[in-house]
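Computed from a prediction, not measured in an experiment: that's the story for all the values here. Only this structure's heavy atoms are used, side chains among them; waters, hydrogens and symmetry mates stay out. Sequence lines set the chain letters: A, B, ... in the order given, protein chains first and strands last, and positions in each chain run from 1.
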Amino acid sequence: MDKHSDKQLFSDAKGWSRDLEKEVQNRFANHEVSNFDIKSSKPFFGIDTPPPYPSGRPWHLGAAAQYSQIDAIARSQRMLGREVLFPIGMDRNGLPVERYTEKKYEIKMRETEREKFIELCRGALDDLQSEMVDILKAIGFSADFKRMYRTDSDEYRTLTQATFIKHWKDGMIYRGNRPTNYCVECGTTIADAEIEYKELPTKLAYFNFQVKESKNKITIASTRPELLAACRAIIVNPEDERYKGMIGKHAIVPIYKTEVNIIGHPSAKPEFGSGAVMVCSYGDYNDVLLFKELGLEEKIIINDTGRLTDVAGKLSGLTVNSARKEILKLLQEDGTLEKVQEISHRTPTCDRSKNPIEIIPMDEYYMKVRDLKEKVMEITNELNFIPDQHKQILFNWMKVAMDWPISRRRFYGTEIPLWYCKKCSEPYVPQPGKYYKPWKENPPNGTTCKKCGSKEFYGDVRTFDTWMDSSVSSLFVTRYSTDPEFYSKTYPLTIRAQGIDIVRTWLYYSIVRCFELTKRPPWSNVWIGGMGLDEHGEKMSKSKGNGVDPMLIIERYGSDAFRFWAASEASPGSNFLFSEQRIMGSQKFLTKLWNVAKFIKEFGDYGINEKPEKLFPTDKWILEELYSAVKDSLEGHRSFNFFIPSNRIREFTWNVFAPHYIEMVKARAYGKDFSKEERLSAIYTLNQTLRAILLLLAPICPFITESIWTSLYSEESIHKMEFPKDLPSFKEMSKYSSIITDFNTKVWGEKRANGISLRDPVSVRIPEELTIFEKDLKAMHNLK
RNA sequence: GAGCCCAUGGUCUAGUGGUUAUGACGUCUCCCUUACACGGAGAAGGCCGGGAGUUCGAAUCUCUCUGGGCUCACCA
């Protein structure tokens with residue numbers, strides 16, 4: 001370690017500390033600021049808080065920083081006089097917990113009884129959730145934990161199902177047997193949004209097809225030779241001189257000896273590989289488009305377990321990887337293999353399992369999001385984004401977004417509430433308002449098939465994509481389907497706060513779904529936070545091992561130092577790099593504040609309850625400086641930008657208030673050679689200034705401000721106060737600021753140059769402009 | 001390949017046509033001054049990514065290049 005480590009050892013020696021913070025944390029538990037009163041006369045402010053996923057890995061520091069920012073939104077809005085609805089939920093559906101459970105118990109989902117598996121997942125989630133709640137409370141998160149919701153609760157799943165049923169009735173859902181992204185590892189279809197592209201090394205194989213009508217051969221290059229049996233065409237670029245004569249002829253597929261057309265198509269790029277492409281069902285998304293365009297008949301060569309089907313003949317039953325090795329061997333034996341080239345290939349992978357995805361035709365449900373595109377883009381345009389430029393990320397995605405496959409072949413999720421008639425397969429949709437589990441329950445009593453009258457049904461065994469649940473969080477927290485009065489007063493919410501990483505999922509799906517259901521956008525503001533990166537600017541991830549556990553940092557430097565760092569580090573929406581050194585810097589500022597408060601506290605109640613008849617020039621000057629700092633900071637608070645108040649208050653406190661003002665009035669505050677009136681003015685001003693600093697800092701550093709506030713000013717929590725308003729302004733005093741600080745710096749410098757102590761007398765002439773501060777300056781510098 | 005965003009001392013940042021270009025962290029020197037050595041006083045460190053243009057004047061406006069980030073598409 002570097003030399004900072006020994007400093008850290010003493011970090012708790014005195015001053016503000018994590019232990020004091022813990023005391024405050026306990027107090028927070030007792031006096032809830034998070035209670036929301038629907039009957040309040042204050043203006044309403046509702047936050048759509050991202051429900052974190054209790055995923056098992058230590059929650060990384062970037063996420064904790066983001067949640068502390070979201071908390072600052074809630075706290076600052078309370079202090080701006082709003083009645084704040086600040087819910088918190090846990091996102092508990094879907095793949096992450098299933099994978100976690102499989103790993104933890106060393107079991108496979110599909111080899112475990114569904115009921116049993118669900119139980120194990122739920123237990124795992126409960127443990128992970130309590131860990132997550134502890135972290136949230138440690139960072140001072142002031143949401144309503146008493147009403148914490150879970151997306152896997154019966155109540156929440158009832159809502160997810162009810163909204164699906166409404167979409168169904170509105171004709172927004174369709175069933176399609178389409179080639180879809182399929183993750184073999186997860187055993188489910190996944191959405192485009194869940195795909196992550198990675199550069200992976202792969203083999204590009206060159207092999208020959210015999211042209212039927214001539215003696216010529218045609219060489220194709222493929223990264224997926226194992227799909228050979230599903231090859232239905234060969235395409236070449238019509239401009240490609242090498243193949244011009246072959247267009248319209250036929251080629252014989254090696255090994256399988258089937259015949260395919262050689263077709264001219266511009267998507268074949270002469271410069272890549274051999275310039276000739278085999279079109280298979282389905283090697284990539286381009287194949288899907290070509291099959292559709294050329295009207296080819298698909299052959300299903302990979303099944304849902306990732307093994308090759310009978311179509312593949314000799315390769316049948318092999319996994320994709322072993323089939324690839326095997327086919328290369330066969331081609332070699334056959335004499336048709338030309339060469340194998342190692343290339344790097346941008347491969348679509350599943351963002352959960354990190355395995356390459358397959359494109360397999362699957363029968364799934366889709367939501368018609370494309371039909372809503374225009375309308376949704378229109379309402380998105382009306383939303384206020386913070387920062388503004390991130391709106392573009394969403395627009396870019398909306399322009400290209402496809403219909404959303406919403407069904408998943410998994411266990412731990414909200415069940416698709418559908419049954420099918422055993423006789424005629426007609427689907428049956430139940431009434432909304434109940435939680436249905438078709439995989440183990442019968443449809444409600446008395447259900448008969450509308451089409452054929454049969455009473456025999458079987459249930460759909462699939463679940464929904466997790467985003468189907470979380471995309472209606474704003475409806476759940478406003479009690480959309482359970483409390484019409486509450487809903488009408490709270491929906492739409494005021495703000496959606498979330499990370500930039502889930503714009504094309506949570507944000508996009510929320511807008512689409514809520515708009516379709518309510519015909520209104522779910523909120524009017526969208527706050528997009530940047531990502532926390534490691535000290536080199538790399539994304540933190542478990543696999544890279546560069547993740548930082550926020551609890552370690554909080555235990556070492558305190559939650560307020562962490563929160564202050566998060567607020568002051570980067571402007572809203574931009575990424576920020578983790579830096580322990582800078583968190584230490586924040587801690588130093590809090591120590592400074594602590595000591596300032598300690599000094600002011602010395603004077604007791606004097607100057608807190610008494611108000612002076614008149615204020616003296618130095619006091620007017622700092623009050624004007626304060627006025628301007630407060631004004632700037634409030635602007636930041638109002639625009640959810642905590643970068644502004646954190647830096648402005650730090651700058652004011654550290655560079656103006658403490659070194660100049662406090663030093664100037666110290667003698668006066670002690671009352672030495674000053675009148676009672678002069679003394680009172682100083683102490684009053686010290687307190688007024690500290691009060692304002694504490695109030696403006698409270699949303700960012702809730703612990704230290706609470707501690708100082710309650711020890712100096714009130715029994716009542718600072719978090720129940722409002723920001724300072726109607727502070728006096730003495731505009732004419734602002735012109736003195738630089739003259740004062742310059743003069744002080746000059747005197748200090750001179751004393752140092754002459755090797756005398758700061759207390760020693762010195763003879764320096766006070767500039768003309770500063771005559772009104774003469775008495776304070778004389779006392780401060782011991783001027784003769 | 002396309003779109004969007006960004007570019008100020010080692011790091012973060014202020015600055016929106018005229019400043020000796022802010023401030024913080026870090027670095028170096030000196031100082032245990034009674035709120036605070038988790039402190040204080042100083043110092044070093046920047047041709048404001050390159051180029052061209054608009055202008056009397058550009059970190060600031062325009063164009064272009066370069067470099068980064070994000071997203072999309074393509075890579076058989």
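Of the candidate nucleotides B:G42, B:C36, B:G26, B:C36 has the atom lying nearest to any side-chain atom of A:K592. Minimum atom distance to the side chain of A:K598 is reached by B:C36, of the listed B:A14, B:C36, B:A41. For A:T591, counting side-chain heavy atoms from C-beta on, the closest listed nucleotide (B:C36, B:C38, B:C25) is B:C38. Closest approach to the A:K588 side chain among B:C38, B:A24, B:A35 is made by B:C38 (side chain taken as heavy atoms from C-beta onward). With B:A35, B:G23, B:A76 as the choices, the nucleotide that has an atom nearest any side-chain atom of A:Y670 turns out to be B:A35. If you check B:C25, B:A35, B:G42 against the side chain of A:T745, the one that comes closest is B:G42.
Nucleotides B:A7 and B:C48 place their C1' atoms 10 Å apart, quoted to the nearest Å. Separation of the P atoms belonging to B:A59 and B:G51 is 12 Å when rounded to the nearest angstrom. Rounded to whole Å, the P atom of B:U60 lies 12 Å from the corresponding atom of B:U16. Rounded to the nearest Å, the gap between the P atom of B:U62 and that of B:C4 is 14 Å. A distance of about 15 Å separates the C1' atoms of B:A14 and B:C25, rounded to the whole Å. As rounded to the nearest Å, B:U8 and B:G67 have C1' atoms that lie 15 Å from one another. Nucleotides B:G45 and B:G40 place their P atoms 24 Å apart, quoted to the nearest Å. Taking atom C1' in both B:A37 and B:C31, the straight-line distance is 10 Å, to the nearest Å.
Nucleic acid contact class of A:A597 (heavy atoms, under 4.0 Å, all strands): none. Using a 4.0 Å heavy-atom cutoff across all strands shown, A:F643 reaches sugar-phosphate atoms only and no base atom. Residue-level contact check: A:K601 touches neither bases nor backbone, having no heavy atom under 4.0 Å from any strand. Looking at heavy-atom distances under 4.0 Å, A:G275 makes contact with a base.
Proximity of A:N595 to the phosphate of B:C38: no side-chain N or O atom is located under 4.0 Å from OP1 or OP2. The phosphate of B:A35 (OP1 or OP2) has no side-chain N or O of A:W654 nearer than 4.0 angstrom. Checking the phosphate oxygens (OP1, OP2) of B:A35, no side-chain nitrogen or oxygen of A:Y661 falls inside 4.0 Å.
Applying the side chain to side chain contact (heavy atoms under 4.5 Å, CB included) criterion to A:K778, with sequence neighbours excluded, gives A:I766, A:E774, A:L783. In terms of the side chain to side chain contact (heavy atoms under 4.5 Å, CB included) criterion, residue partners of A:N384 (sequence neighbours excluded) are, by chain and number, A:I386, A:N525. Every residue meeting the ring pair (Phe, Tyr, Trp, His ring centres under 6.0 Å) condition with A:W404, not counting sequence neighbours, appears here in chain and number order: A:Y509.
For residues 558-572 of chain A, the set of pairs meeting the salt bridge (Lys or Arg N to Asp or Glu O under 4.0 Å) definition, not counting sequence neighbours, comprises A:D71-A:R563, A:E569-A:R582. Among pairs with a residue in residues 651-670 of chain A, those fulfilling salt bridge (Lys or Arg N to Asp or Glu O under 4.0 Å) read A:D619-A:R668, A:E663-A:K666, A:R668-A:D776, at least two apart in sequence or across chains.
Heavy atoms from other residues, nucleotides or ligands lying under 6.0 Å from NZ of A:K391 number more than 12. In A:K203, the NZ atom is not crowded: 12 or fewer heavy atoms of neighbouring residues, nucleotides or ligands sit closer than 6.0 Å.
Residues A:L204 and A:N744 both approach RNA chain B. Their nearest nucleotides, taken by heavy-atom distance, put A:N744 toward the 5′ side. Nearest-nucleotide mapping onto RNA chain B: of A:I662 and A:D287, the residue sitting toward the 5' end is A:I662.
Each of A:K339, A:Q341, A:E338 was checked for a side-chain hydrogen bond (donor to acceptor under 3.5 Å, both in side chains) with A:Y206, and the lone residue meeting it is A:Q341. Of the candidates A:F652, A:W748, A:F743, A:H660 forms a ring pair (Phe, Tyr, Trp, His ring centres under 6.0 Å) with just one, namely A:W748.
One can place CG of A:N647 at 14 Å from P of B:G23, the figure rounded to the nearest angstrom. We find that CG of A:D742 is positioned 14 Å from C1' of B:U22, with the value rounded to whole Å. As a whole-Å value, the separation of A:F599 CZ from B:U33 P is 17 Å. Rounded to an integer number of Å, the gap from CD1 of A:I235 to P of B:C74 is 13 Å. Residue A:R582 contributes atom CZ, which lies 14 Å from atom P of B:G10 at whole-angstrom precision. The CZ atom of A:F385 sits 17 Å away from the P atom of B:C4 (whole-angstrom rounding). Here B:C36 presents its C1' atom at 13 Å from CH2 of A:W594, a figure rounded to the nearest Å. Straight-line distance from the CE atom of A:M584 to the P atom of B:G39: 10 Å, rounded to whole Å.
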Item to complete: With pairs defined as Watson-Crick or G-U wobble and both distances under 3.5 angstrom, please note down RNA chain B as a dot-bracket string, | for pairing with another strand.
Response: ((((((((.[[[..)..(....]]].(((((.......))))).....[[[[[..)....]]]]])))))))....
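Aromatic ring centres of A:F576 and A:W565 lie closer together than 6.0 Å.
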